[in-house]
Every structure is written in C-alpha cells, then in structure tokens.
Protein chains: 2
Amino acid sequence: MTSAAEIPDTETVPEEPPGGGEPARVAGGIPEATVARLPVYLRALYTLAERGANTVSSDELAVCAGVNSAKLRKDLSHLGSYGIRGVGYDVEYLVYQVSRALGLTQNWSVVIVGAGNLGRALANYGGFLTRGFQISAILDSDPSLVGRPIGPVTVRHVTELESVITSNSVAIGVIATPAGAAQVVCDRLVAAGVTSILNFAPMVLSVPDGVDVRKVDLSIELQILAFHAQRRFAERFGQESDSVAEA
Amino acid sequence: MTSAAEIPDTETVPEEPPGGGEPARVAGGIPEATVARLPVYLRALYTLAERGANTVSSDELAVCAGVNSAKLRKDLSHLGSYGIRGVGYDVEYLVYQVSRALGLTQNWSVVIVGAGNLGRALANYGGFLTRGFQISAILDSDPSLVGRPIGPVTVRHVTELESVITSNSVAIGVIATPAGAAQVVCDRLVAAGVTSILNFAPMVLSVPDGVDVRKVDLSIELQILAFHAQRRFAERFGQESDSVAEA
DNA sequence: GTGACTTTGTGCATTTGTTCACAAACGACG
DNA sequence: CGTCGTTTGTGAACAAATGCACAAAGTCAC
Ligand SMILES: NC(=O)c1ccc[n+]([C@@H]2O[C@H](COP(=O)([O-])OP(=O)(O)OC[C@H]3O[C@@H](n4cnc5c(N)ncnc54)[C@H](O)[C@@H]3O)[C@@H](O)[C@H]2O)c1
Ligand SMILES: NC(=O)c1ccc[n+]([C@@H]2O[C@H](COP(=O)([O-])OP(=O)(O)OC[C@H]3O[C@@H](n4cnc5c(N)ncnc54)[C@H](O)[C@@H]3O)[C@@H](O)[C@H]2O)c1
C-alpha cells in the first residue's frame, strides 16, 4: 500500500492519440494494478523454471500466482504478445520479458537508513538481493553501531548519506528509522537525488512531485485483518447486517 | 509519476446477499479501499490528539493522512455521520468510531511463527502492541532458540503451536519462517482455528475459504519502485514509449 | 433572529480494474 | 491440406474507486 501522492502527476503525460477504447492504459502503458502483480508472476515463473517447466499455460501460472487466469492474460498482454496459442508461454522468455518490464535487467542500488532491529533484518536478508537489487550501504545515527558488519555491508554514520548516494548512484532509499526521524531522513534522501523510497516508519511522508514513496506498515496490515476478523465474528453471531444499510 | 497502488491482498471471498445497486458496498458495509485507509486516518487522529486538537476538519485530516479530502469524507461517511457541519470532526469521538469500525475496541492476540531476524524484530517492536494487539507467543523450530527472551515473550518450540493458540484464543497468526516452511505452518495455524494470517514469507499461501491472508513482501515493493524509477528514467531520455507500448 | 460563512455528506460523472466469453491462432495428427 | 483440440488475446459488460461540485446543515457575530 502506498500512501504518498496519488497525484496524477502531469509531467509529460503525453496525449496518446486515442489508440482505441482502451480503458486502463497509463502513461507507461501498464496499469498500476498490473504492475503490482508482475512481481508475483515473476516469482511464480522462477519457481516453475526451477521445477523444470519449459512452458506454462495461463491457467497453471494463474494458480501458482493465486489469481484469475483471465486477469493474468490481460496483465501479460500489456507487456506484449508473448504467448503461443494452443501452447502457453515459454517460461524462460516470459521471465525475461517480465523482468525487462519491471526494470530488473539493470541493477538497482539500495541504501538502508536505520540499523535498528528492522534495518538489520533487512540488511541480513539475502532474499531480495538475488535479483536486481544490491544493498550498497546501511546508515545509522548511533555512533556505537558504526563499523558493525551487517550482512554484506558495514554500518556507516548517517552523515555520509549524501556521499554514499552519489558515489553509488543509489536509486532506492529504505527508511527504517523511528517515525520521528523519518521525514528528515526522507528530505535528505530526496535532496541527494533519490526518487524511490520505501518507508517502514509509521508515518506519512511528504515528498515533492516526481518522488515515488511506498510504505510497508505492519500495524495497518494487522488492523485490516482485525476488521475482517471482527466482521466474520459478528456474522457468526447472527448479527445480521440487516438491510444494506442505506444510511 | 508517483504511483500509489493500494493492493488488496485479501483472499477471502465476502459472502454477500445480492445486495443490489450500490456500487462500492461490501458485506460489512465498508468498501475494501476504505478499510485500508482507516488505519491511516486513525494514526493521523492520534497524532492530532497528542498535539492537543479537539476538532479537525476533513481538509486538515486529509492533509495529515495524505489523501484527498473528498475521499476522506466519503470514507468516514461509511462509518456513520459523525461530523458537524461548519465545524469538523471531534477528534476523540472520531478516534473511538474508527477504532470501533476496525474492531480495535477488543484486544487481539498475535502469535509469531519464526524467530529469525524478522520474527525477532517484530517481537521486539513495541509500536503495534500499543493499541489493540498483543503478542502472546513466538515460536520456532530451532531448539537452540527456545527459551530465549524476545521482547515481551520467550521463544517456545513450534510443537506448542496448537496449545498456544487454543489457550490464548489467538486470532492472528504471523508467519516469519522461510518460504519452504510457510505453507506447512499456515496449514497448522488454520487447523488450530486461526482465520487471520499475516505472511512475510515470499510465497503464495493457499488457504480454505473463510481464512484471511495478507502478505507483506519487500521484494514486491522494491520491484514496483524499480518499475516506476525505470519509467521516469526512460522518459527523461526521450525513450518514446511508442515502439515499446504497441508491438 | 438574521445573515454571512464554514464544512459536511453525497449525487454524479469519470476513471480504473475485473471478469466473462469467444474468435482467432496455433500445434498435432492423419 | 484439412480438421481437431487447445490456449491466447481481447471486446464488452460489469464492478469498484475516485474526485468534483454543491445543497444542506451547521456555527458564529451581532
Ligand atoms: N521492528 C519491526 O518489526 C517494525 C515493524 C513495523 C514498523 N517498524 C518501524 O520501523 C522503524 C524501525 O524499527 P526498528 O524496530 O528497527 O527500530 P529501532 O529503534 O530498533 O531502530 C531504529 C534505528 O534508527 C536509528 N536512527 C534514529 N534516528 C536516526 C537518524 N536520524 N538517522 C539515521 N538513523 C537513525 C537508531 O539509532 C536506531 O538504530 C520504526 O519506525 C518502526 O516503527 C518496525
Ligand atoms: N528479514 C527480512 O528483512 C525479510 C524481508 C522480506 C521477507 N522476509 C521473509 O521473512 C521470512 C523470515 O525471514 P528471516 O530473515 O527472519 O529468516 P531467518 O532465517 O532469519 O529466520 C527464519 C526462522 O524460522 C525458523 N523456522 C524454520 N522452519 C520453521 C518451522 N517449520 N516452524 C517454525 N519456525 C521455523 C528458523 O529456525 C528461523 O529461526 C522469510 O521467509 C523471508 O523470506 C524477510
């Protein structure tokens, strides 16, 4: 879920000549909802590839990814026409195409700010380094943490933020500081040229146009679960939601 | 383009009596998209309350929450009519109403399975205990971790899963094991009666109807950021999407 | 009490996303 | 080469979410 800006962002949204009655085409050509699912497909494809599959039908892949197969086909159709009718998709080729669409054919450099419990867990985590992402630094303001090795890097002091970013052409900043420090850190990241930020601090960051913020918020997830759990619970006790409450 | 995808990860199928013409009404009476934002409003309200605000207008609150004010009003209108025209909303009262809608007036018991880097960070994290959620146990299969104190609890062996759940009437299970173990753990949670699961393992869990799974997936977030970053990058270099988009 | 001003709540048009269902495209096979 | 079964890609219907714009409902000053 993302908080920041759902601002249509008028920068260079070229007036596509009405290429048809297409409803969902966004500037980049791929609807947001589709973009959010591509990584899931990609993971499913890797799993299938490891299992030795050469081709896969939309039905199979849909099951692996946990979605409707029509949705899957429509999603993939936004990347191009890479399937073979009567056969399915070539797994390896589709991996390549999805990766390319997501921008994973290049390597992305990631800097983590905040080497607390969470920041350390992230830096230790090998799982997302595997493809396309590389942790180039982890920073903290606590001098006692500086120099400590974590995963592939060593903690550096947060004063080095700007130099770390420019010298590594960091593309993605991860904020794992307490909420109180998050906006300041964010501002510094942006000032240093970072335009993609993943925020773990439980607060709404404000950023200028052109900067992309996504957030991961544990509390929110739990609260959403609680809502549904409560609803199931109430239903079970005959708390019939009588009419469709028209208020 | 700043993007914001609010991806409903829910896998439950809300049973609805063929309600009728209303567009967005879901069974509980509150649209999914609204439910996902209520926690954000709630946090903003707490911040305002701490700051001493007695009332707040939809415009102010919208700014704090990072959303459009019309959206905010429509969201809140699903809970009831709790504003005062010409004045705004009473902060304290709205906190109560939102909390109640989310099911936070009762306490939820949480069990974490997997006491690795992530599980430990979660258990140490005080932030989401504050309101409504309480960690009742953390479990692991590694005997060398058993007995180790983490945050408010002590690691217990995963064989105790069923007893921990029933004796604490655990409502929410958090999976922080490697992907390979996630489905097995999930099945055991479900068998023990858990119907709300938060999954950190990078894989699609399959669960029976009536069980609600949400996932938190770092890789996916990074990949979505990469997509947008790539697009911004390509735009800046006049890489006209023409050839890419059609084809 | 009256009028000016503020802010909510919502009808409605628009946009975005999902699902169905089927023609067209393809391989296989005789 | 033609026929058959399979699977894609997509038009079209449907559903959900968004954002505008404004009437209704309130406060406040006097
Ligand atoms: N741990 C979790 O499971 C969890 C879950 C959800 C959200 N979060 C959020 O993630 C963030 C980090 O959580 P945590 O558990 O790692 O906290 P933590 O207190 O363990 O770590 C925070 C770290 O940030 C450093 N820091 C503080 N100010 C800084 C600054 N200006 N620049 C650089 N570093 C700075 C601190 O020195 C500390 O090492 C918090 O905002 C928390 O609310 C954590
Ligand atoms: N650490 C991160 O930043 C991060 C980020 C994204 C996703 N994840 C995912 O979260 C999960 C946990 O990550 P981690 O870094 O804590 O891994 P980890 O290896 O540090 O910890 C995993 C723990 O699970 C335990 N475990 C294994 N099988 C078990 C079972 N059947 N029952 C109970 N416990 C079992 C292991 O003993 C270990 O302690 C992984 O799936 C990982 O992919 C982690």
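Below, read A as the first sequence line, B as the second, and so on, with proteins coming before strands; counting in each chain starts at 1. All values below were derived from every heavy atom in this structure, side-chain atoms included, with hydrogens, water molecules and symmetry-related copies excluded.
- Nucleotide dG9(D) holds its P atom 12 Å from the NE2 atom of H78(A), rounded to whole Å.
- For the pair L94(A) CG and dT8(D) P, the computed distance is 11 Å after rounding to whole Å.
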Show me the side-chain donor-acceptor pairs of residues 51-63 of chain A shorter than 3.5 Å, one per line, residues at least two apart or across chains.
{"unit_1": "S57(A)", "atom_1": "OG", "unit_2": "D59(A)", "atom_2": "N", "d": "3.4"}
{"unit_1": "S57(A)", "atom_1": "OG", "unit_2": "E60(A)", "atom_2": "N", "d": "3.2"}
{"unit_1": "S57(A)", "atom_1": "OG", "unit_2": "E60(A)", "atom_2": "OE2", "d": "3.3"}
{"unit_1": "S58(A)", "atom_1": "OG", "unit_2": "R73(A)", "atom_2": "NH1", "d": "3.0"}
{"unit_1": "D59(A)", "atom_1": "OD1", "unit_2": "S69(A)", "atom_2": "OG", "d": "3.2"}
{"unit_1": "E60(A)", "atom_1": "OE2", "unit_2": "S57(A)", "atom_2": "N", "d": "3.1"}

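- Taking D217(A) as the reference, R43(B) meet the side chain to side chain donor-acceptor pair (under 3.5 Å) condition, with sequence neighbours excluded.
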Can you list, pair by pair, the side-chain donor-acceptor contacts under 3.5 Å of residues 101-109 of chain B, counting residues two or more places apart and other chains?
{"unit_1": "W108(B)", "atom_1": "NE1", "unit_2": "G103(B)", "atom_2": "O", "d": "2.7"}
{"unit_1": "S109(B)", "atom_1": "OG", "unit_2": "S136(B)", "atom_2": "OG", "d": "3.0"}

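- Here Y41(A) pairs with R37(A), D75(A) under the side chain to side chain donor-acceptor pair (under 3.5 Å) rule; sequence neighbours left out.
- K74(B) has its NZ atom 10 Å from the C1' atom of dC20(D), to the nearest Å.
- To the nearest angstrom, C1' of dT10(D) lies 17 Å from NZ of K71(A).
- Looking at Q230(A), its side chain does come within 3.5 Å of a backbone N or O of R100(B) through a donor-acceptor pair.
- Position along DNA chain C of the nearest nucleotide to S81(B) versus D75(A) favours S81(B) as the more 5'-ward residue.
- An OP1 or OP2 oxygen of dG9(C) is reached within less than 4.0 angstrom by a side-chain nitrogen or oxygen of Y89(B).
- Rounded to an integer number of Å, the gap from E32(B) CD to dA17(D) C1' is 12 Å.
- Between the side chains of Y46(B) and E50(B), not a single donor N or O lies within less than 3.5 Å of an accepting N or O.
- With sequence neighbours excluded, the residues that form a side chain to side chain donor-acceptor pair (under 3.5 Å) with D187(B) are Q183(B).
- Per the geometry, CG belonging to D59(A) stands 13 Å off P belonging to dG9(D), to the nearest Å.
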Output a table of donor-acceptor pairs, distance under 3.5 Å, between side-chain atoms of residues 174-182 of chain B and any protein atom two or more places apart or on a different chain; print 'none' if there are none.
none

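- Contact annotation: S58(A) side-chain N/O to dT8(D) OP1/OP2 distance is under 4.0 Å.
- An OP1 or OP2 oxygen of dG17(C) is reached within less than 4.0 angstrom by no side-chain nitrogen or oxygen of N68(A).
- Listed in residue order, the members of residues 39-57 of chain A having a heavy atom less than 4.0 Å from DNA chain C come to none.
- When the side chain to side chain donor-acceptor pair (under 3.5 Å) test is applied to R85(B), no partner is found at least two apart in sequence or on another chain.
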Give the B/S/- string for nucleotides 21-30 of chain D, one per nucleotide from 5' to 3', where a protein heavy atom under 4.0 Å of the base yields B, of only the sugar-phosphate yields S, and otherwise -.
B--BBSS---
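- Atom CZ of R37(A) and atom C1' of dT16(C) are 11 Å apart (whole Å).
- If you measure from atom CD of Q97(B) to atom P of dT8(C), you get 16 Å, rounded to the nearest angstrom.
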